[in-house]
Every structure is written in structure tokens, then in C-alpha cells.
Amino acid sequence: MTTHLSAAYKKVREDVRSYHRLRTKEVAKNRRTLYIISMSYLDSPLPEIAAYLARAKRVQKVRMPRRSEMPAHIQEIMHGIADVTRTWNPVEIYTADPSSIAHEREQFFAALHRNEDYSPRFTYSYAEAFELGDSRAILERLLGLLQTFRTEDRTLLIAKFGLQFKINDDLATCDLVEGLQQKDETRIAQALQYKYPGTDRFLVQIAQEDYERRTREGSVHEEHTSLLNAREKQYLRSLRFDADDYRDAFVWALQQYGILKTEDQPQGFAVVIDERATAIDVRDKSVRGPTVFIPVTTNGNGESLLRLMAHEIEGHARQSANGEQLFLFGGGELKIDDETLYEGLAMRHEHEFHLRQFGDHDGSPLPDIYTLSIQAAEGGASFTQIFTEQCHRQLHLLLQVPAHDPLPSTIDPLVLERARNFAWRTSYRVMRGHLDTANRTGFAMAKDLAYLRGWLLDRQLHEHGHGHVNEAAISSIGSLRVLAEFSLSAEDLPHPYKDVTSVYLRKLLEKN
């Protein structure tokens, strides 16, 4: 791809491997950026943020290109990509059947009770029935047309970069589907490694140090002045909401932003309760189109519902709607599947809302939950090994036993059950997409690294006065340097942040 771009773009990554080479080199050269304050905050900009800030200061800005303004041949390629991939969501592809998850969980815990090793074997009916048809050939033809396009116009060069990146991302999805259908673990691994950047020494360092600190000190719990009083907090935490209640709340929030799918507005988000969903999830690409999925078994209190509204609607759905209106490949049908910055923005809104209203804040996502397990899977650890390690870590945290001290010989069965349930959920998420969870191929589902890595990147963008850039579109890490090209301000956002979650909170309190 880079052979067809100007010199200004040659350092932008084409794929995950080149990204890791660049990042490892920069991290090694700039060890001072790894100075950690309070285990989760960096004194100096991360390499990606430093590159963005430096470029934003020196380039001559261009106006962000709108899809409708592209030349006819670029429009043709854009529509061709959308026609093929508008319903493709990799989460649906690598999510195992609910019945398979339940059955394998039962088998795994039965074997655990017998002190036997058992490697779950999940089934992926959606992926197995997925019809690619001639999708790969069409995407490769579109990529060829794009690569033959020559221009000196910077806006069109940016468009070309984004669409090339998008097509390569979709070709990796083809590899993922074909790998699952052909039972080819190597192909699955290559596809997932392309789509989701894996661990690096920086993230692992944060995760390990944070885990060790929490076993000694517990969770960081900073008390701040809250808008809610003690009685109001207790009331919200006492409320119970099921899947129907979550659906009603999310529909209301989408309406406040004008991004609810209706007969008059087909581009908005629908909200559905779905038996295949394993977690509340906003998908701007899915078999149902842009949709907020809610599991049938959803049940939570008022505090949980509000945090999810801030995260899923005011973060994810709003960002997607902004990107679809503002940016050539930043949302909707042309979104790239790397959700690092996407999760970072959602974490920002969730944590800021909770800090403002409830007055307590743990400072950051808990990085050791997934980071260390993903690192282990990348090194070839099996499902059982990851489960055992996570269970061990959770017991240290629950019992407040320092990481390097031995656990007590007798453990409360309820505490042990809690640790094992947590370890199962973590192990499954890390092993999504695996056919053989003995993990002989040695790869991980690294998507959940987006929470920590995205939170750090978004926080630094925000603190340097560029948080609105992330709000404008769903962008991959590799696109940060490209985003620096644009003349963009917070006033340009079609859907600026309104904090409708706080409005809904007051609606709940009025019922008390």
C-alpha cells in the first residue's frame, strides 16, 4: 500500500506487524515515556500520541473529506466496499454458540472437580454458515482499482489511505471466516493478529505492576465531591433493571441525540434483545444493521445501567454517528474493526460520569484482567493454564494476599467459586475464535486490550486538547497520524456530548 502514497505517508503502518515493529523501536528509544504515575498514568505522551501531536503542529491543515464530496471513481469504490461488507461484524463471527459455551463450561468444571485437564472445543455456527461468495474477489478488485489511482491532492491521498486500510481489514475478515470454516487455526491466528494489535512490553508492565499493587493495597479508590448524596446513591444501587428496562433506557438516550433508527431515520441505531448476545454491545455493522444488542439475561442495578448508558450510547453510538456523517472511513459501513480508540472514548465518558455523580473513581480500567491472560495465550498457554492463572490471581485479589505470598491452605468455597467464575469468563474471552483451546498455534483474541490501550491513548489526546478528534470518528491506532492532517474543532461535531445519562439519572430519582 505505501508504495502508492506520497513520502509523507510512508511511515504510516500498513498492517499490524509493521505497527509492532515501529512501536517496539519507539518504545525502546523513548524509555522515559514509560514512567508510570499511580500505575495508570504516563508523564510523557505515548509514541502514538507524540507522533500525532508533532504532526498536528507542523502540517498545513486540510478540511476533513466528506463521503458525498469524493470523485465518482472513489465513490464507486466506497459503495462497492459497503455493498460487500456492510453487515460484517467480526464479533458475530468469532462468538461461539451460546449452547456451546454453556455445554463446554459444564464439561470444564466437571473435569476440574475430577482434577482432570479439559480443553473446551467451541462451535461457531454463525461463522460456519457465513457465505463469502465472491466477496474476496470483489474486494481485491476494488483494492487494485484504488492502487492504480494517482493524485497529488492531499485530501484524496488521505481518502486513498483510509480505503486501502479498510479493504485490507475486510480481507482479514475473509481470512477469519475461511479459517473457521476450514478448521485452519493458523489462518484464524493471522487474521486476528492483523485486526487486533496484541500486547507489548509497555502494557504488560502496567498490568503486572497494577496487579501486584492491588494485591497489597486493594483497588485505588479516590473520593471526590459527588453530585449525589448518600441516600440517592443507595437508592440507585437498590433498583433492579432487566433486559426490557435497558432497552427502554437506551432507546430514550438514542432519541436525545437523534440517532435512533426510525421509519423517518433509517441511518440510526436499533435496540434489540438478542439471545446470542453475551454482553451489551453497540455494533454499527451487523446482520441487523446498526444495532445495540442486549442479552436476554441482562440484569443490573441503577448504577450499572447508567454507566453502560454513558459508555455504550454517549460513547460508542454517538461516536459512530459522528464518524458516519463527518469522516470518510470513521463509522457506519466503512468503519475499520480496530476498536482501540473507540473503547477509549467510551471509557472516558463512563468514568467521568461516575466520578461526577457518584464521587468515586478507580482511576482506570483494571489492566491485569485481560492483558496478562492475552500475553499468556500469545505465548501458547492453553485454556486450562490461563484459567488456572486467572483463578490464582483473583484469589490473591479477593483475599488481599500479596502477589508473591502463598495463598492460605483453606479458602471459603464462595470466594473460590467467585474466582473460578471470573477466571472462566476471562479465559473464554481470550480464547474466542479458537477451535483448539489447547492453543497449540499460540495466539490470543486481543480485542479486549482496547480497554486499557484505548483509555490511555484517549486520555492523553483529551488532556492535550484533542479529545474531540476521537469523538469525531472511529479510528484505528494507525490512523492517528492521518487525523493530524485535518482542520477539525469540537464545534464541527454533528453530535456533541450532552451528558444525557445525568438527565436519565434525575428521571430515575424522580420516581423515588
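- Asp458 meets the side-chain contact (heavy atoms from CB on, under 4.5 Å) test with Leu345, Arg348, Asn470; sequence neighbours excluded.
- Residues Lys166 and Met78 have side chains not in contact (no heavy-atom distance under 4.5 Å, counting atoms from C-beta outward).
- Using modelled atom types and a 3.5 Å distance limit, the side chains of Thr340 and Asp338 yield a donor-acceptor pair.
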field: side-chain contact (heavy atoms from CB on, under 4.5 Å) between Tyr235 and Lys511, intermediate numbers included
entry: CA-CA 10 Å; Tyr235 172 70; Lys511 299 178 181 180; 4.1 Å; yes
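- Two residues are said to be in side-chain contact when any heavy atoms from C-beta on lie closer than 4.5 Å; Trp252 and Val500 meet this criterion.
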Report all side-chain donor-acceptor pairs from residues 324-334 shorter than 3.5 Å, counting only partners two or more places apart or in another chain.
from	atom 1	to	atom 2	distance (Å)
Glu324	OE2	Gln267	NE2	3.3
Gln325	OE1	His495	NE2	2.7
Glu333	OE2	Arg86	NE	2.8
Glu333	OE2	Arg86	NH2	3.1

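- Here Asp175 pairs with Arg136 in a salt bridge; the nearest charged N to carboxylate O distance falls below 4.0 Å.
- Classified by interplanar angle (parallel below 30°, tilted 30° to 60°, perpendicular above 60°), the ring pair Phe130/Tyr126 is perpendicular.
- Rounding to the nearest 0.5 Å places OH of Tyr342 at 14.0 Å from CD1 of Ile336.
- Taken from CG in Leu46 to CG in Leu480, the straight-line distance is 10.5 Å, to the nearest 0.5 Å.
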task: Evaluate the salt bridge (Lys or Arg N to Asp or Glu O under 4.0 Å) criterion for residues Arg283 and Asp281: first the C-alpha distance (whole Å), next the side-chain angles of each, then the deciding distance (0.1 Å), finally the verdict.
output: CA-CA 6 Å; Arg283 303 177 193 172; Asp281 192 17; 2.7 Å; yes
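- Ile294 is not listed as a side-chain neighbour of Asp274, based on a closest heavy-atom distance of 4.5 Å or more.
- Val469 is not listed as a side-chain neighbour of Phe486, based on a closest heavy-atom distance of 4.5 Å or more.
- Between Leu456 and Gln460, every side-chain heavy-atom pair lies at or beyond the 4.5 Å cut-off.
- For the atom pair CD (Glu232) and CZ (Phe358), the distance works out to 9.5 Å, reported to the nearest 0.5 Å.
- Considering all non-hydrogen atoms of both residues, Pro494 and Asn322 come closest at CD-OD1, 3.2 Å.
- Side-chain contact between Ile188 and Phe443: present, with at least one pair of heavy atoms (C-beta onward) separated by less than 4.5 Å.
- Figure legend: Lys447 and Tyr94 shown without cation-pi pairing, the cationic atom not lying both under 6.0 angstrom from the six-membered ring centre and within 45 degrees of its axis.
- Across all non-hydrogen atoms, the minimal contact from Lys61 to Ala484 is NZ-O, 2.8 Å.
- One finds the OH atom of Tyr257 at 13.5 Å from the CZ atom of Phe269 (value rounded to the nearest 0.5 Å).
- With sequence neighbours left out, Phe241 forms a ring pair (Phe, Tyr, Trp, His ring centres under 6.0 Å) with no residue at all.
- A salt bridge does not link Glu343 with Arg453: every distance from a Lys NZ or Arg NE/NH1/NH2 to an Asp or Glu carboxylate oxygen is 4.0 Å or more.
- With sequence neighbours excluded, the residues satisfying ring pair (Phe, Tyr, Trp, His ring centres under 6.0 Å) with Phe122 are Tyr428.
- When every heavy atom of Ala191 is checked against every heavy atom of Leu176, the shortest pair comes out as CB-N, 3.6 Å.
- At a threshold of 4.5 Å between non-hydrogen side-chain atoms, the residues Glu485 and Arg55 count as touching.
- The ring-ring contact (aromatic ring centres under 6.0 Å, His included) pairs that include a residue from residues 62-82 are His73-Phe149, where partners are two or more places apart or lie in different chains.
- Rounding to the nearest 0.5 Å places CG of Asp499 at 5.5 Å from CD of Glu314.
- A donor-acceptor pair under 3.5 Å is formed between the side chain of Gln265 and the backbone N or O of Gly258.
- A distance-only check finds a donor-acceptor pair linking the side chain of His468 to the backbone of Leu488 [under 3.5 Å].
- A donor-acceptor contact under 3.5 angstrom links the side chains of Ser502 and Gln357, judged on distance only.
- A donor-acceptor contact shorter than 3.5 Å is absent between the side chain of Gln205 and the backbone of Phe202.
- Listed by first and then second residue, the ring-ring contact (aromatic ring centres under 6.0 Å, His included) pairs that reach into residues 287-312 are His311-His316, sequence neighbours excluded.
- The side-chain heavy atoms of Ile313 and Arg318, taken from C-beta on, include no pair separated by under 4.5 Å.
- Rounding to the nearest 0.5 Å places CD of Glu312 at 6.0 Å from CZ of Phe250.
- Residues Gln375 and Thr199 have side chains that never bring a donor and an acceptor to within less than 3.5 angstrom of each other.
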